[in-house]
Amino acid sequence: MREAAEEADSPPSLMSEDDAGSGGSSGERWTADLRGAGNGGGARPAAPPDQVLENVLESVLEFLTAARDRNAASLVRRSWYRAEARTRRELFVGNCYAVSPRRAAERFGGGGGGGSVRSVVLKGKPRFADFSLVPYGWGAHVSPWVAAMGPAYPRLERIFLKRMTVSDDDLGLIAQSFPQLKELSMVCCDGFSTLGLAVIAERCRHLRVLDLIEDYIEDEEDELVDWISKFPQSNTSLESLVFDCVGVPFNFEALEALVARSPSLRRLCVNHHVSVEQLRHLMARAPQLTHLGTGAFRSEAAPGDGGMSMSELSASFMASRSITSLSGFREVNPEYLPAIYPVCANLTSLNFSFANVTAEELLPVIRQCHKLRTFWVLDTVGDEGLRAVAETCSDLRELRVFPLDATEDSEGSVSDIGLQAISEGCRKLESILYFCQRMTNAAVIAMSKNCPDLVVFRLCIMGRHRPDRITGEPMDDGFGAIVMNCKKLTRLAVSGLLTDKAFEYIGKYGKLIKTLSLAFSGNSDMSLQYLFEGCTRLNKLEVRDSPFSDKGLLSGLDYFYNMRFLWMNSCKLTMSGCREVAQRMPNLVVEVMGDQSDDGEETEIIDKLYLYRSLAGPRSDAPSFVKIL
Amino acid sequence: MAGLGFEETELRLGLPGGGGNDAGEAARSSGKRGFADTIDLKLKLQPASAAPAASSDDDGVEEEEKEAVAAAAVTPAGDGKMKSQSSVVTAQAQPDPDKPRAPKAQAVGWPPVRSFRKNVLAVKSEKVSLVKVSMDGAPYLRKIDLAMYKTYQDLSMALHNMFGSSKIKDENNDDEMVHTYEDKDGDWMLVGDVPWEMFVESCKRLRMMKGSEAIGLAPRAMEKRKTRS
């Protein structure tokens, strides 16, 4: 269970949760106290009281794992600070620019040998980078972090990177610096290619986990490296190998051989270059798999040209009774779907979000998945498909419905009807992401009442400013009901036609909300003010295309230090407003991006604002399109 | 076209308000009137009409401008400029969200679906036109799917967001980027010369090159057009 893996577009095979901890080290600047154990001259060197206390403290602190708790402990007094620093096992940096790598490494270094740190979590670009809103070259380079951590944490075992730029050289340095590396996970990263993967495979002899999730692999098809062949030739300790995002062809024979000599392998997610014929071979080599990413799930033969029968494939699934999670289905031939029936009853996680299947094709599958807790699907299954999910999956905790056609004026195949059905059948729902074109307040209100355990509610009505499709009203009441009734809510994304009223509700009731995303919403700056003043736990706010001006921005001044970041693009902010924030808040870094001319007027509307608290001051690696105020 | 300076009817893939480079302008002004007249990518905003629409539409200012321009761009060749202008005005005069709106330019990154997913699904629907995009001075080579865009303006916005700026810092001065593409015949052409659909069909890869290097392009492009038509 990865405590720091943030909820994101990661496949259901990785549990998604909110981040542990408040993100980052304490804000106070401590100077080291060298008082130590002064006993007076001539006394026997018995362990001084201070030292005993510290030893006991360290033993106790071992049990504190959440970063937030450890941060609190470190503030009690200096000895606690030192003890905590020596015993921290995981370094969590929610914004790689919030602190300098060297400072972070020193803070938790604990002297030679690298202290206790065994795991590092680093997150870089703002999330809107996923939607092409942050230009390439913006930053979040992992290089300085590897350079600083190499000497400081030679016994590092686990690295988790999200939205970082990682070059092949960086991967080489990682392999060289951390000989004990057991886990490398990269989510939404870019900058590396199969060359870098080859170095990791070859040099990290203790590797147990290599998870590559929605990364952008820089590969020219004519420069591919056969990285799969580079894993050790002896039995490996691999437990998890996820590479469905590595879209280039690979050496299948090498993979089959690798799987055969990896007796601990539990999770294998291959890319779409794997046919069902090949999949059978892999499954035969690894009957102990619990998580399987099935690749293309179609035959390598041309349609009508023979190819494997469904029952042959089904035999493979019958032999793999440990499977609890399935994904892939990237080019699924629906005729092969019945092959997975043997494992459906045990499935807790199913990712059909790349499978263009109809309700009719889904029904016989989903009707057997009584234990399903996580389900990702395309909207091609329609409201009818969702109704079937509601009827069977009473234990469902997480649902994501993605659009096949992600454009504003697409038809949209799911609506308020599907949402209502889900709310009635899946009462234990905790997390939902739902893309649609038509929605009603009534359905959202129903969900708020039927699913009180909701922690994450993300509704994306794709057409901008869409009102309730039946009443024509804004969607204020729906989202208002969500924040009122779902008392555990920590993450919210809103859409549709929304007035300031919606944000009044959110500010008033959304006391636990940490992450909030708005787009094309609100009428006036009051919306922002409601949020800043009301949402006391607000940590991450992302806003786009909303009519908020400098006044709204400035209403957040008292709150920015409590937040990891604020992102605003295509609103009505001006350079002078942003400058005022920068001037009045010395521990914030205020970045403005876009095509403003250098000598533009201060009243010029800016394109993108990204501000974040930081102990490191303005970064030195900002590209020319970023202006740091 | 009566009464309008020709510059206003030129195709420019430069960013809104951005200056052009003289070579490009000279090249374009010499020839391709027909379709070019109806596509005015240079934003000529009427500030008066922009203001009220801003408050009722709830769009970001930039989005609105781009909407208006895209509405113009979609108008087929014919009356040309005047028709475009009226589309622009019409789009802004319809603040009521219930009324059918003029076709909008797509907002970049909306709906918020990751490009990884978008690319996978686009390939599925076989409507894909993936081309490589490079920018002089940037180490990145990216791929975009031209089928995701409906107009040159959409494409321009996407490139702007992808690479951050159309300017690169030269030692002496800021050198404006010029968008060029390699067509089926292997020739390098200036983006924007031909109707959008024709461009999507013939474009094999995109390159954003320094304006100073693009000077030689236009005359060849012109010749090609002559031989084609």
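In what follows, chains are A, B, ... by sequence order, proteins preceding strands, each numbered from 1. Computed over heavy atoms, backbone and side chain alike; hydrogens, waters and symmetry mates excluded.
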_Non-hydrogen atoms of A/E408 and B/P111 that approach each other most closely_ = N-CD, 4.2 Å

*Relative to the ring of A/Y610, is the ring of A/W567 parallel (under 30°), tilted (30 to 60°) or perpendicular (over 60°)?*
tilted

_I need the residue from A/C460, A/S353, A/G463 with the largest number of non-hydrogen atom pairs under 4.5 Å to chain B._
A/S353

*asked:* Whether the side chain of A/D500 engages the backbone of A/G522 through a donor-acceptor N/O pair (distance < 3.5 Å, no angle test) should be reported.
replied: no

Given heavy-atom pairs under 4.5 angstrom as the criterion, report whether the side chain, backbone, both or neither of [X] touches chain B.
{"X": "A/P623", "value": "neither"}
{"X": "A/S410", "value": "neither"}
{"X": "A/F128", "value": "neither"}
{"X": "A/V626", "value": "neither"}

*For A/D525, side chain to side chain contact (heavy atoms under 4.5 Å, CB included) partners two or more places apart*: A/F548, A/S549, A/K551

*With A/F192, which residues qualify under ring pair (Phe, Tyr, Trp, His ring centres under 6.0 Å), at least two apart?*
none

